[in-house]
Amino acid sequence: MTEELCWCGSGKAYCDCHQKNDDKVRLLQSKGEEVPDPEMLKTKEQIEGIRKAGALNTAILDEIEKMIKPGMSTEEIDRFVYDYTIAHGGIPACLGYFGFPKSCCTSINDQVCHGIPSETDILKNGDIVNVDCTTIVDGYYGDASRTFIIGKAPKKAVDLVEVTRQCLKLGLEAAKPWAHLGDIGAAISQYARKRGYSVVTEFGGHGCGVEFHEDPFVCHVGKKNTGMVLVPGMTFTIEPMINMGKPGVFVDESNDWTVYTKDGSLSAQFEHTILITETGIEILSK
Ligand code: MF3
Ligand code: CO
Ligand code: CO
């Protein structure tokens, strides 16, 4: 007797592997639920590849965390990202992405995201800076960012960074198999607003792994039990951008990249790439 092997590459029979999940997805879809397209569910080989890219991506941010300090230019950070990535067999995904000129994004204070590293941007005591780095290994992607406090920052800046860290944590806790995408945004936005902050909606998380930016869009505001059902095998980022003031942002017209808060208030961000598993999540890059 020949058994049909599972599409995921586990080597197991389909009926002993993904058939139950696939049936469940079809049933939910027939009930009117939004479900992921089949290509959003990664194979075993893809997951292993994304895990490897995520490990290098995480290692880069760990190194930056050790070296970042007042007096350093964001260009130095960028040079490190490029050199370390290449030395470890990776490619910086940001470099040349839609013409982006550098290997990572460095966003200082009221810069929300997509800040361009520069020789003339010198980190000073009290700044907060997000370093967002995406790494390609063997064609797979890991995407993560952290906001660093430079030297000693005012309490209000430290509080914003800690609340933003907590927003990501709450988003991760809401991300579970068979939960909804809206649960993530609901958890994040409820907490941010309770603490008197606002959530950026023009940019969000995204499917990630086989491409840099895949579907679905992961909105950081939302309503519980709405949006796409989260199915084991999905890989995506959660990356809340939290503003101290109003949520409005604008893009710097001089470079068409750097995003600032409209009201000049501080903004912070943390990003992980995750995998939805049968029992919870696996963090692939942090
Ligand atoms: N890493 C960012 C994200 O989290 C995207 C940066 S795109 C770039 O999605 F071109 F600005 F690098
Ligand atoms: Co991202
Ligand atoms: Co990123």
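Since this is a predicted model, take the numbers as computed values, not measurements. One-based numbering, in listed order, for ligands and for the atoms of each.
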Worksheet item: Between W7 and H18, how do the two ring planes meet: parallel, tilted or perpendicular, split at 30° and 60°?
Response: tilted

Practice prompt. Please determine, by modelled atom types, if N57 and Y141 share a side-chain donor-acceptor pair under 3.5 angstrom.
Written response: no

Discussion item. Tell me how many protein N, O or S atoms are within a distance shorter than 2.8 Å of the Co ion (ligand 2).
Written reply: 4

Worksheet item: Is it true that the side chains of S267 and N243 contain a donor and an acceptor less than 3.5 Å apart?
Response: yes

Worksheet item: Given the rule in the side-chain hydrogen bond (donor to acceptor under 3.5 Å, both in side chains) test, do T235 and K42 qualify, once you have shown the distances and angles that lead to the verdict?
Response: CA-CA 7 Å; T235 58; K42 270 59 174 192; 3.2 Å; yes

Worksheet item: Can you list the steps and then say if D143 with T237 is a side-chain hydrogen bond (donor to acceptor under 3.5 Å, both in side chains)?
Response: CA-CA 7 Å; D143 184 9; T237 73; 4.9 Å; no

Worksheet entry | Derivation of the side chain to side chain contact (heavy atoms under 4.5 Å, CB included) call for H206 and E214 | CA-CA 6 Å; H206 48 93; E214 305 172 350; over 6 Å; no

Discussion item. Given a heavy-atom cut-off of 4.0 Å, could you list the residues near ligand 1 in chain and number order?
Written reply: C94, Y97, F100, C105, H114, D132, T134, D143, H206, F212, H213, E239, W257, E271

Practice prompt. Report the C-alpha distance between F270 and V161 in whole Å, list the side-chain angles of each, state the deciding distance to 0.1 Å, and finish with yes or no for side chain to side chain contact (heavy atoms under 4.5 Å, CB included).
Written response: CA-CA 9 Å; F270 287 88; V161 172; 3.8 Å; yes

Discussion item. Below 30° counts as parallel, above 60° as perpendicular, anything between as tilted: where do the rings of Y97 and H213 land?
Written reply: tilted

Item to complete: Test F203 against H220 for ring pair (Phe, Tyr, Trp, His ring centres under 6.0 Å), laying out the working first.
Response: CA-CA 9 Å; F203 300 89; H220 299 114; over 10 Å; no

